[in-house]
Amino acid sequence: EPEVTQTPSHQVTQMGQEVILRCVPISNHLYFYWYRQILGQKVEFLVSFYNNEISEKSEIFDDQFSVERPDGSNFTLKIRSTKLEDSAMYFCASSESAGAFYEQYFGPGTRLTVT
Amino acid sequence: KNEVEQSPQNLTAQEGEFITINCSYSVGISALHWLQQHPGGGIVSLFMLSSGKKKHGRLIATINIQEKHSSLHITASHPRDSAVYICAVSGSDFGNEKLTFGTGTRLTIIP
(Lines give C-alpha, C1' and ligand atoms only; values in the text may rest on other atoms or scores of the structure.)
Protein backbone atom coordinates (compact mmCIF):
# COMPACT_ATOMS: atom_id res chain seq x y z
CA GLU A 1 0.00 0.00 0.00
CA PRO A 2 1.37 3.44 -0.91
CA GLU A 3 2.57 5.49 2.03
CA VAL A 4 4.04 8.87 2.88
CA THR A 5 7.67 8.68 3.95
CA GLN A 6 9.71 11.20 5.91
CA THR A 7 13.42 11.62 6.54
CA PRO A 8 15.17 11.82 8.85
CA SER A 9 13.20 10.15 11.63
CA HIS A 10 15.10 12.17 14.22
CA GLN A 11 17.12 15.36 13.75
CA VAL A 12 19.15 17.04 16.46
CA THR A 13 20.39 20.53 15.71
CA GLN A 14 21.80 23.51 17.51
CA MET A 15 19.85 26.72 17.95
CA GLY A 16 20.34 29.03 15.00
CA GLN A 17 21.10 26.27 12.51
CA GLU A 18 19.07 25.61 9.38
CA VAL A 19 17.26 22.31 9.03
CA ILE A 20 15.48 20.71 6.10
CA LEU A 21 12.86 18.07 6.75
CA ARG A 22 12.03 15.86 3.80
CA CYS A 23 8.85 14.13 2.78
CA VAL A 24 7.90 11.93 -0.13
CA PRO A 25 4.12 12.10 -0.57
CA ILE A 26 2.08 9.36 -2.20
CA SER A 27 2.88 9.49 -5.90
CA ASN A 28 -0.48 10.50 -7.40
CA HIS A 29 -1.34 12.96 -4.63
CA LEU A 30 -1.54 16.64 -5.41
CA TYR A 31 -2.13 18.36 -2.05
CA PHE A 32 0.52 18.46 0.66
CA TYR A 33 0.62 19.57 4.28
CA TRP A 34 2.99 20.07 7.14
CA TYR A 35 1.79 19.77 10.72
CA ARG A 36 3.69 19.83 13.96
CA GLN A 37 3.15 18.49 17.46
CA ILE A 38 5.04 19.89 20.41
CA LEU A 39 5.51 17.24 23.09
CA GLY A 40 2.34 16.86 25.13
CA GLN A 41 0.32 19.23 22.95
CA LYS A 42 -2.15 18.88 20.14
CA VAL A 43 -1.18 18.61 16.50
CA GLU A 44 -1.13 22.02 14.76
CA PHE A 45 -1.40 22.97 11.12
CA LEU A 46 1.59 24.74 9.59
CA VAL A 47 1.07 24.98 5.85
CA SER A 48 -0.71 23.48 2.87
CA PHE A 49 0.72 23.36 -0.65
CA TYR A 50 -1.05 22.85 -3.96
CA ASN A 51 -0.11 23.43 -7.55
CA ASN A 52 3.41 24.50 -6.58
CA GLU A 53 2.36 27.24 -4.24
CA ILE A 54 1.28 27.73 -0.65
CA SER A 55 -2.46 27.35 -0.35
CA GLU A 56 -2.77 28.34 3.29
CA LYS A 57 -0.43 28.93 6.21
CA SER A 58 -0.88 29.36 9.92
CA GLU A 59 0.43 32.06 12.23
CA ILE A 60 3.19 29.66 13.24
CA PHE A 61 4.51 29.59 9.68
CA ASP A 62 6.52 32.81 9.79
CA ASP A 63 9.45 33.98 7.68
CA GLN A 64 11.72 31.38 9.27
CA PHE A 65 9.77 28.62 7.54
CA SER A 66 9.60 27.75 3.87
CA VAL A 67 8.33 24.85 1.80
CA GLU A 68 9.41 23.59 -1.55
CA ARG A 69 8.69 20.84 -4.01
CA PRO A 70 12.11 20.68 -5.65
CA ASP A 71 11.28 17.77 -7.95
CA GLY A 72 8.37 15.51 -8.78
CA SER A 73 8.59 13.48 -5.61
CA ASN A 74 9.99 15.42 -2.66
CA PHE A 75 8.28 18.00 -0.47
CA THR A 76 10.50 19.82 2.00
CA LEU A 77 10.09 22.03 5.03
CA LYS A 78 13.00 24.34 5.81
CA ILE A 79 13.50 26.16 9.08
CA ARG A 80 16.07 28.87 8.48
CA SER A 81 17.31 29.58 11.99
CA THR A 82 16.00 27.12 14.53
CA LYS A 83 14.83 28.13 17.98
CA LEU A 84 14.41 25.98 21.07
CA GLU A 85 10.63 26.24 20.68
CA ASP A 86 10.84 24.61 17.24
CA SER A 87 11.50 21.30 18.97
CA ALA A 88 8.55 19.13 17.98
CA MET A 89 7.41 16.22 15.88
CA TYR A 90 6.80 17.36 12.32
CA PHE A 91 4.32 15.44 10.20
CA CYS A 92 3.93 15.59 6.46
CA ALA A 93 0.60 14.59 4.94
CA SER A 94 -0.77 14.31 1.45
CA SER A 95 -4.17 13.95 -0.17
CA GLU A 96 -5.34 13.03 -3.62
CA SER A 97 -6.71 16.46 -4.38
CA ALA A 98 -7.94 19.69 -2.92
CA GLY A 99 -11.16 19.65 -0.97
CA ALA A 100 -12.13 18.71 2.54
CA PHE A 101 -13.57 15.34 1.49
CA TYR A 102 -10.23 13.86 0.53
CA GLU A 103 -8.55 11.79 3.21
CA GLN A 104 -5.14 12.94 4.38
CA TYR A 105 -2.39 10.35 4.70
CA PHE A 106 0.29 11.05 7.28
CA GLY A 107 3.96 10.22 7.27
CA PRO A 108 5.65 8.72 10.35
CA GLY A 109 7.01 12.09 11.43
CA THR A 110 10.41 13.67 12.03
CA ARG A 111 11.31 14.41 15.61
CA LEU A 112 13.26 17.68 15.67
CA THR A 113 15.28 18.45 18.78
CA VAL A 114 16.85 21.91 19.01
CA THR A 115 19.54 22.28 21.68
CA LYS B 1 -11.77 29.38 14.41
CA ASN B 2 -13.02 25.93 15.23
CA GLU B 3 -12.58 24.61 18.74
CA VAL B 4 -12.40 20.83 18.96
CA GLU B 5 -12.97 19.21 22.33
CA GLN B 6 -12.56 15.56 23.20
CA SER B 7 -13.63 13.56 26.20
CA PRO B 8 -12.43 11.82 28.15
CA GLN B 9 -8.77 12.86 28.07
CA ASN B 10 -7.72 9.52 29.49
CA LEU B 11 -9.55 6.22 29.52
CA THR B 12 -8.49 2.92 31.05
CA ALA B 13 -10.62 -0.16 30.50
CA GLN B 14 -10.49 -3.91 30.76
CA GLU B 15 -10.04 -6.04 27.67
CA GLY B 16 -13.39 -6.78 26.08
CA GLU B 17 -15.12 -3.61 27.22
CA PHE B 18 -17.07 -1.34 24.88
CA ILE B 19 -15.28 1.99 24.48
CA THR B 20 -16.75 5.37 23.57
CA ILE B 21 -14.73 8.51 22.86
CA ASN B 22 -16.53 11.77 22.21
CA CYS B 23 -15.70 14.81 20.12
CA SER B 24 -17.48 18.13 19.80
CA TYR B 25 -16.67 21.12 17.66
CA SER B 26 -17.84 24.71 17.60
CA VAL B 27 -18.18 25.68 13.93
CA GLY B 28 -19.76 23.93 10.94
CA ILE B 29 -17.43 21.60 9.09
CA SER B 30 -17.05 19.68 5.86
CA ALA B 31 -15.65 16.51 7.35
CA LEU B 32 -14.52 15.00 10.63
CA HIS B 33 -11.58 12.66 10.93
CA TRP B 34 -10.73 10.10 13.57
CA LEU B 35 -7.03 9.37 13.80
CA GLN B 36 -4.94 6.97 15.84
CA GLN B 37 -1.53 7.88 17.22
CA HIS B 38 0.71 5.12 18.58
CA PRO B 39 3.46 5.62 21.19
CA GLY B 40 6.08 5.97 18.45
CA GLY B 41 4.21 9.05 17.27
CA GLY B 42 2.95 8.00 13.86
CA ILE B 43 -0.60 9.02 12.90
CA VAL B 44 -2.97 6.71 11.08
CA SER B 45 -6.31 7.77 9.65
CA LEU B 46 -9.19 5.62 10.88
CA PHE B 47 -12.27 7.36 9.48
CA MET B 48 -13.35 10.40 7.56
CA LEU B 49 -17.05 11.17 7.75
CA SER B 50 -19.40 14.00 7.01
CA SER B 51 -22.69 12.39 7.99
CA GLY B 52 -24.17 9.27 9.55
CA LYS B 53 -22.06 6.34 10.56
CA LYS B 54 -19.10 4.31 9.35
CA LYS B 55 -17.85 0.91 10.51
CA HIS B 56 -14.51 -0.75 10.05
CA GLY B 57 -13.98 -4.01 11.88
CA ARG B 58 -14.50 -3.36 15.59
CA LEU B 59 -14.48 0.42 15.14
CA ILE B 60 -17.60 2.50 14.58
CA ALA B 61 -17.72 6.26 14.06
CA THR B 62 -20.85 8.38 14.13
CA ILE B 63 -21.48 12.04 13.56
CA ASN B 64 -24.40 14.35 14.31
CA ILE B 65 -23.96 17.46 12.20
CA GLN B 66 -26.79 19.39 13.88
CA GLU B 67 -25.34 18.82 17.35
CA LYS B 68 -21.72 19.22 16.14
CA HIS B 69 -20.77 15.99 17.84
CA SER B 70 -19.08 12.74 16.90
CA SER B 71 -18.33 9.51 18.73
CA LEU B 72 -15.82 6.76 18.16
CA HIS B 73 -16.75 3.35 19.51
CA ILE B 74 -14.57 0.29 19.90
CA THR B 75 -16.29 -3.03 20.47
CA ALA B 76 -14.57 -5.96 22.21
CA SER B 77 -11.56 -3.82 23.06
CA HIS B 78 -8.10 -5.39 22.99
CA PRO B 79 -4.73 -4.30 24.44
CA ARG B 80 -3.51 -3.56 20.91
CA ASP B 81 -6.18 -0.81 20.75
CA SER B 82 -4.14 1.12 23.32
CA ALA B 83 -3.20 4.40 21.65
CA VAL B 84 -4.13 8.06 21.52
CA TYR B 85 -7.29 8.68 19.49
CA ILE B 86 -7.55 12.11 17.92
CA CYS B 87 -10.53 13.88 16.44
CA ALA B 88 -9.84 16.47 13.73
CA VAL B 89 -12.10 18.60 11.56
CA SER B 90 -11.74 20.27 8.19
CA GLY B 91 -13.41 23.54 7.32
CA SER B 92 -16.57 24.18 5.42
CA ASP B 93 -15.01 26.26 2.65
CA PHE B 94 -13.30 24.93 -0.42
CA GLY B 95 -9.62 25.64 -0.02
CA ASN B 96 -9.89 25.30 3.74
CA GLU B 97 -8.83 21.70 3.96
CA LYS B 98 -6.43 22.04 6.86
CA LEU B 99 -7.25 19.91 9.86
CA THR B 100 -7.93 21.37 13.28
CA PHE B 101 -7.14 18.80 15.93
CA GLY B 102 -8.49 17.94 19.34
CA THR B 103 -6.15 17.19 22.22
CA GLY B 104 -6.64 13.44 21.91
CA THR B 105 -7.90 10.68 24.19
CA ARG B 106 -5.32 8.34 25.64
CA LEU B 107 -6.82 4.84 25.72
CA THR B 108 -5.27 2.03 27.73
CA ILE B 109 -6.74 -1.47 27.55
CA ILE B 110 -5.67 -3.78 30.35
CA PRO B 111 -5.51 -7.52 29.61
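Residue numbers start from 1 in every chain, and the chains themselves are labelled A, B, ... in the order their sequence lines are given, proteins ahead of strands.
- Minimum heavy-atom separation, K42(A) to G102(B): CB-O, 3.6 Å.
- In terms of heavy atoms, Q37(B) sits closest to Q37(A) at NE2-OE1, 2.8 Å.
- The shortest non-hydrogen separation linking S45(B) to Q104(A) is CB-O, 4.0 Å.
- Atom CG of D63(A) has 12 or fewer neighbouring heavy atoms from other residues, nucleotides or ligands inside a 6.0 Å radius.
- Applying the 6.0 Å contact sphere to CG of L84(A) captures more than 12 heavy atoms from other residues, nucleotides or ligands.
- More than 12 heavy atoms of other residues, nucleotides or ligands lie within 6.0 Å of CZ in R69(A), so this atom counts as buried by the packing criterion.
- Summarising the local packing, NE2 of H10(A) is surrounded by more than 12 heavy atoms from other residues, nucleotides or ligands at distances under 6.0 Å.
- With a 4.5 Å cut-off on non-hydrogen atoms, L49(B) does not touch chain A at all.
- Applying the 6.0 Å contact sphere to NZ of K53(B) captures no more than 12 heavy atoms from other residues, nucleotides or ligands.
- The two residues I43(B) and F106(A) make their nearest non-hydrogen contact at O-CB, 3.5 Å.
- With a 4.5 angstrom heavy-atom cutoff, S50(B) touches chain A only via side-chain atoms.
- Counting non-hydrogen atoms of other residues, nucleotides and ligands closer than 6.0 Å to CD of E85(A) gives a total above 12.
- The shortest non-hydrogen separation linking L99(B) to F45(A) is O-CB, 4.0 Å.
- Expressed to the nearest 0.5 Å, how far OG1 of T103(B) lies from CD of Q41(A) amounts to 11.0 Å.
- Using a 4.5 Å cut-off between side-chain heavy atoms of Ile, Leu, Val, Met, Phe, Trp and Tyr, with links allowed through other members, V89(B) and L72(B) fall into the same hydrophobic cluster.
- Neither the backbone nor the side chain of Y50(A) comes within contact range of chain B, judged by heavy atoms closer than 4.5 Å.
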